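This one's a predicted model, so the numbers in the text were calculated from it and none came from an experiment. Because only heavy atoms are used, hydrogens play no part in the values below, and waters and symmetry mates are left out as well, while side chains stay in. For reference, positions follow the sequence shown, starting with 1.
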Amino acid sequence: MSAAHRRPPFYLGIDLGGTNIKSGVVDELGRPLSSVSLETEAERGPEVGISNLAQAGKQAVAESGLSWNEITGVGLGSPGTMDLSRGMLLEPPNLAGWNQLPIRDLLAQKLDKQTVLQNDANAAAYGEYWAGAGRHTRSLVLFTLGTGIGCGIVDEGRIIEGRHSHGGECGHIIIQIENARQCSCGGYGHLEGYASATALVKRAVEALERDPAPSLLRKIPADDLTSRAIDEAADAGDPLARRLMRETARYLAVGAVCLMHTIDPDIVLFSGGMIAAGPSFLEDIRTDIRAMAFPTLAQKVRVEYAELGGDAGFIGAAGCARMAFGKSE
Ligand SMILES: [Zn+2]
C-alpha cells in the first residue's frame with residue numbers, strides 16, 4: 001500500500017503460536033502494511049520467546065516503513081489458558097513452561113508500548129469482523145480448524161471474553177455424551193475431539209483398522225495421512241474418505257448450530273487448513289445446518305469460509321489495540 005493511502009493511527013498486531021509468531025502493522029481501516037513470520041522457539045522458555053515476540057514486532061514496524069513513534073499500541077494474541085484482565089498466561093498447553101507469566105506487561109516493557117492481550121482465536125474472529133469476511137456484519141462466530149478447533153465470537157463489535165477469560169471456547173462444546181471420544185484437553189465428547197484435522201486423521205486410522213474394505217487411504221504411509229490427503233482421496237471418489245469428510249462436516253454443523261442457537265449471529269465462519277477442502281465441504285456443512293437449526297436461523301445466518309487466512313490473528317490483535325488505545329487519539 002502506498003504511503004498516501006495509509007490511514008493513521010497505526011497499530012502493531014502480534015499473533016503468538018506454539019510454533020510461529022506472525023506480526024504486522026495495521027492501519028485504522030484494518031489493512032496490513034507489513035507481515036512477518038518468525039519461529040517462536042517456545043521450548044527455549046518464555047524469556048527467549050518474549051524476545052522473539054519483540055523482534056517480530058520491531059521487524060514488522062521496520063518493514064512497514066513507519067517509525068516506531070507512529071505506532072499507537074500493540075495487540076498480542078496468544079493461546080490460553082489466560083487471565084485477560086491481568087494480562088497473564090496461566091497454564092498454556094501449547095507453550096510448555098510459560099506458566100503464570102505476565103506476558104502483556106513483559107512485552108510492553110520490552111517494546112516500550114502500551115499493550116493489550118487477547119486470546120488468539122478471539123483475535124482472529126475480531127480480525128475477520130473488522131477487515132475480513134465479517135466486515136459488513138454486526139456479529140459473527142469463527143471456528144478455526146487446525147490441530148485443534150479455536151473459536152471466537154464477536155457480538156455488536158464486542159469480543160465475548162466471558163467473566164473468566166474463557167468465553168467462546170466452543171471447540172470444547174459437547175457434541176456427544178455416550179461412548180464419547182477424548183479431546184486433546186482431556187475432556188470427553190468435545191467438538192475438537194471429532195472435527196479437528198487431528199481428529200479426522202485419528203478417525204481415518206481407526207476406520208482403516210476396523211473395516212478391511214479397499215481404500216485409497218491404505219496406500220498412504222502413516223506419516224503422510226493428513227486431513228489434506230483424506231480430502232484429496234475423497235475428491236478422487238474414495239468411499240471411506242468421502243464418508244469421513246461428510247461426517248466431519250456434520251460434526252462442524254452441530255457445533256455451528258449450537259452457536260447459532262446461542263448467539264444468533266449474522267454469519268458463521270470457518271478458517272484454517274481444512275478449508276482447503278473447498279466449496280463442497282462448505283456446502284455439506286450448510287446442508288446439515290439447515291437440517292438442524294431453527295428455520296429462521298437456517299434461512300438467515302450466513303455460513304462462509306473466512307477471508308484473511310493466517311493473517312487474521314495479527315490483524316485482529318491490532319484491532320484489539322485499536323479498541324483499547326485508539327480512543328485517546
Ligand atoms: Zn476439549
Undergrad: Using side-chain heavy atoms (C-beta onward) and a distance below 4.5 Å, is Arg322 in contact with Val26?
TA: no
Undergrad: If we only count heavy atoms from C-beta on, is the Val141 to Cys151 side-chain gap below 4.5 Å?
TA: yes
Undergrad: Considering non-hydrogen atoms only, spot the tightest contact between His5 and Asp27 and give its length.
TA: O-OD2, 4.3 Å
Undergrad: What verdict does the ring-ring contact (aromatic ring centres under 6.0 Å, His included) test give for Phe270 and Tyr305, after you've listed the backbone C-alpha separation in whole Å, the side-chain angles of each residue and the deciding distance to 0.1 Å?
TA: CA-CA 5 Å; Phe270 294 92; Tyr305 284 146; 7.3 Å; no
Undergrad: Grab the two heavy atoms, one from Ala298 and one from Arg290, that are nearest each other, plus how far apart they are.
TA: CB-CA, 3.9 Å
Undergrad: Measuring only between side-chain heavy atoms, which start at C-beta, is Ile289 closer than 4.5 Å to Val301?
TA: no
Undergrad: Cluster partners of Val48, using ILVMFWY side-chain heavy atoms under 4.5 angstrom, listed by chain and number?
TA: none
Undergrad: Give, for atom CG of Asp15 and atom OG of Ser23, the distance between the pair rounded to the nearest 0.5 Å.
TA: 9.5 Å
Undergrad: Considering only NZ, NE, NH1 and NH2 on the basic side and carboxylate oxygens on the acidic side, decide whether Arg243 and Glu247 come within less than 4.0 Å.
TA: yes
Undergrad: Decide if atom CZ of Arg250 counts as having more than 12 heavy atoms of other residues, nucleotides or ligands within a radius under 6.0 Å.
TA: no
Undergrad: Are Asp83 and Ser85 close enough that a side-chain donor and a side-chain acceptor fall under 3.5 Å?
TA: yes
Undergrad: Side chains of Lys22 and Asp311: closer than 4.5 Å at any heavy-atom pair?
TA: yes
Undergrad: Return yes when atom NE2 of His164 has more than 12 non-hydrogen atoms of other residues, nucleotides or ligands closer than 6.0 Å, and no otherwise.
TA: no
Undergrad: Please report the shortest heavy-atom distance between Leu89 and Ser78, naming the atom on each side.
TA: CD2-OG, 3.3 Å
Undergrad: Dump the intermediate steps for side-chain contact (heavy atoms from CB on, under 4.5 Å) on Leu16 and Leu95, then the final yes or no.
TA: CA-CA 10 Å; Leu16 168 61; Leu95 298 164; 3.9 Å; yes
Undergrad: Would you please classify the geometry between the His190 ring and the His172 ring as parallel, tilted or perpendicular, with 30° and 60° separating the classes?
TA: perpendicular
Undergrad: Is the closest side-chain heavy-atom distance between Phe143 and Met274 below 4.5 Å?
TA: no
Undergrad: Do Gln176 side-chain atoms and Glu178 backbone N/O form a donor-acceptor pair below 3.5 Å?
TA: yes
Undergrad: Quick one: closest heavy-atom pair of Phe314 and Ser35, and the distance?
TA: CE2-OG, 4.0 Å
Undergrad: If you link I, L, V, M, F, W and Y whenever their side-chain heavy atoms are under 4.5 Å apart, who else ends up in the same group as Leu29?
TA: none
Undergrad: Looking at Glu283 and Arg246, does any basic side-chain N land under 4.0 Å from a carboxylate oxygen?
TA: no
Undergrad: Between Val74 and Val116, is a side-chain contact (heavy atoms from CB on, under 4.5 Å) present by the stated rule, with each step listed?
TA: CA-CA 6 Å; Val74 180; Val116 62; over 6 Å; no
Undergrad: Kindly give the cluster partners of Leu216, where membership spreads through any ILVMFWY side chain lying under 4.5 Å from a current member.
TA: none
Undergrad: Can you name the closest pair of heavy atoms from Ala241 and Ala234 and give their distance?
TA: CB-N, 3.4 Å
Undergrad: Any side-chain donor-acceptor pair under 3.5 Å between Thr137 and Arg302?
TA: no
